[in-house]
Amino acid sequence: MTHFVARIVRIKKMENSTEVVSFVLSAYGNIGNLKYLYFIIILLWYISVCVSNTILIVVIYMDRGLHEPMYLLLCHLFLNEISASTSLHPHLLSQMFSDTHEVTLPWCFLQMFSFYIFGCVQFCNLTAMAYDRYVCICYPLQYNVVMSNKRVGKIILFVWIYSFTNYIVCISFVIPLTFCGNVIDKVFCDQQSVIKLACSVSPLTSISDGFFGFMSFIIPFSLISVSYTKILWVCLFVSKGGKQKVIATCTPQIVSLANIFVYAIFHIVGSRLDVHYLPDKVRVILSIYIHILQPMITPYMYGLYLPKIRQSCKRLLFKRN
């Protein structure tokens, strides 16, 4: 038992102090032979996410009629969903057959970096899509001038620079920390959980996660809210057919935002408050459901609700020559 604990903790002693070189993800627990079932389910789900998003990327690329600002932003969103899934699913698959569920500090920080960057990119991309719909619906005559493919490229570049800058500032307070514990009660590395393991935390480090949340989610969400408020106002004065067209176009974005917003609330509450009264499986599901469901919801919603993409998919998948 002593040797097992020593293997789990894996703390390298240096002089009179200790240095934590890995974290243990304790939320996996002892799943026994269920690991084979979980492995197959996660693998099939990951493949489905990659295939469904890739199909829509190929559809947009192949159909020149979809080479428009909104669909280019969608293509970027699908690519980001694949990247976000890749930052989690292979990790879950590898942990299924691990006895210790350890992850080294560099890999832990890399996973946090991926999660936060891709999350910020997704929300900022949704902000750009909301602005695109706002210009299209409220200023249709100026749309081709305001939103061009070249401008979309600049927007995507800005989204990545903005996301990288935000998180680099945020993680710069976490990397220098010295840790007195190494057990994370989750199935992946989470920044707030990592900070809680630090021996001492400065006030700036404590609010770094909140700063990132404000810059990456609160500000974009405010801009999205303004865009959709103006869109709803315009809808009051258009015909019934126009309202249905607007609803069909905006529904996928609203569903995505609602899903992310619910997860953000739980993430904030779960990170700041004690939620150990919840069953372990419930806490695990709530902590990863956005990373599991959102990459599949996105292609499903946009592929189903946007007529041009749906028709183009049918032409590409069921073309018989």
Side-chain angles (χ1 to χ4, degrees), residues 10 19-28 42 46 80-95 98 100-125 159-202 204-218 220 260 263-272 275 283-292 294-295:
R10 192 185 281 180
E19 180 186 358
V20 174
V21 296
S22 66
F23 293 117
V24 177
L25 304 174
S26 63
Y28 286 95
I42 294 171
Y46 177 54
N80 188 67
E81 295 291 12
I82 295 174
S83 302
S85 295
T86 302
S87 68
L88 176 66
H89 287 76
H91 167 78
L92 294 178
L93 292 171
S94 66
Q95 290 294 329
S98 172
T100 60
H101 304 299
E102 286 184 81
V103 57
T104 62
L105 260 67
W107 279 108
C108 187
F109 284 126
L110 179 61
Q111 187 176 60
M112 290 192 304
F113 187 84
S114 301
F115 278 167
Y116 279 73
I117 290 294
F118 294 138
C120 183
V121 167
Q122 183 179 44
F123 223 25
C124 290
N125 196 87
V159 164
W160 280 98
I161 293 175
Y162 181 81
S163 301
F164 268 102
T165 304
N166 279 343
Y167 193 60
I168 287 174
V169 172
C170 181
I171 202 172
S172 64
F173 294 100
V174 181
I175 292 176
L177 293 176
T178 301
F179 301 101
C180 291
N182 74 329
V183 179
I184 299 176
D185 191 23
K186 288 193 174 181
V187 295
F188 61 90
C189 287
D190 170 73
Q191 180 161 310
Q192 197 60 37
S193 299
V194 169
I195 291 175
K196 289 178 180 179
L197 298 176
C199 299
S200 61
V201 180
S202 68
L204 286 177
T205 303
S206 299
I207 65 173
S208 62
D209 205 30
F211 169 79
F212 180 81
F214 177 78
M215 296 297 293
S216 303
F217 297 100
I218 301 300
I260 295 172
Y263 171 76
I265 292 176
F266 175 79
H267 176 73
I268 293 171
V269 173
S271 298
R272 302 292 177 178
V275 292
R283 283 191 289 112
V284 170
I285 292 173
L286 290 176
S287 67
I288 65 171
Y289 94 88
I290 190 69
H291 306 290
I292 300 293
Q294 189 64 31

Inset, instruction - Return yes if some donor-acceptor pair links the side-chain N/O of S163 with the main-chain N/O of W160 below 3.5 Å, else return no. - result: no

Inset, instruction - Fit a plane to each ring of F113 and F164, take the angle between them on a 0 to 90° scale, and name the class: parallel (under 30°), tilted (30 to 60°) or perpendicular (over 60°). - result: tilted

Inset, instruction - Starting at CE of M215, measure out to SG of C124 and round the result to the nearest 0.5 Å. - result: 9.5 Å

Legend entry - Side-chain heavy atoms of H91 within contact of L25, under 4.5 Å: yes

Legend entry - Backbone of I184 reached by a side-chain donor or acceptor of S26 within 3.5 Å: yes

Inset, instruction - Please examine the side chains of V194 and F179, heavy atoms only from C-beta on, and report whether any two atoms are closer than 4.5 Å. - result: yes

Inset, instruction - Compare every heavy atom of C120 with every heavy atom of F212, then report the nearest pair and how far apart it is. - result: CZ-CB, 3.9 Å

Inset, instruction - Supply the atom-to-atom distance Y167 OH to S114 OG, rounded to the nearest 0.5 angstrom. - result: 9.0 Å

Inset, instruction - Could you grab the distance from atom NE2 of H89 to atom CG of L92, nearest 0.5 Å is fine? - result: 6.5 Å

Legend entry - Distance (rounded to the nearest 0.5 Å) between F214 CZ and N166 CG: 10.5 Å

Legend entry - Check: I195 and V174 side chains under 4.5 Å, non-hydrogen atoms: yes

Legend entry - For the student: nearest non-hydrogen atoms of Q191 and C170, plus distance: NE2-SG, 2.9 Å

Inset, instruction - Report the residues that fulfil side-chain hydrogen bond (donor to acceptor under 3.5 Å, both in side chains) with Y162, sequence neighbours left out, ordered by chain and then residue number. - result: none

Legend entry - Heavy-atom closest pair, residues T86 and P90: O-CD, 3.1 Å

Inset, instruction - Specify the closest pair of heavy atoms between S208 and F173, including all atoms of both residues, with the distance to one decimal. - result: CB-CD1, 4.0 Å

Legend entry - From K186 atom NZ to S193 atom OG, the distance as rounded to the nearest 0.5 Å: 4.5 Å

Inset, instruction - Tell me, please, which residues at least two apart from F109 pass ring-ring contact (aromatic ring centres under 6.0 Å, His included). - result: none

Inset, instruction - To the nearest 0.5 angstrom, please state how far the CG atom of N80 sits from the OG atom of S85. - result: 9.5 Å

Legend entry - Exam field: side chain S98 to backbone Q95, donor-acceptor pair closer than 3.5 Å: no

Inset, instruction - Can you see which heavy atom on A84 is nearest to which on F118, and at what distance? - result: CA-CD1, 3.7 Å

Inset, instruction - Report yes if some heavy atom in the side chain of I292 is under 4.5 Å from a heavy atom in the side chain of L88; otherwise report no. - result: yes

Legend entry - Close aromatic pair by centroid cut-off 6.0 Å: Y28 and F188: no

Inset, instruction - Evaluate the side-chain proximity of F23 to L197: yes if any heavy-atom separation is below 4.5 Å, no if none is. - result: yes

Inset, instruction - Give a yes or no answer on whether the side chain of E102 reaches the backbone of S22 with a donor-acceptor pair at less than 3.5 Å. - result: no

Inset, instruction - Give the ring-plane orientation class for H291 versus F115, where under 30° counts as parallel, over 60° as perpendicular and anything between as tilted. - result: parallel

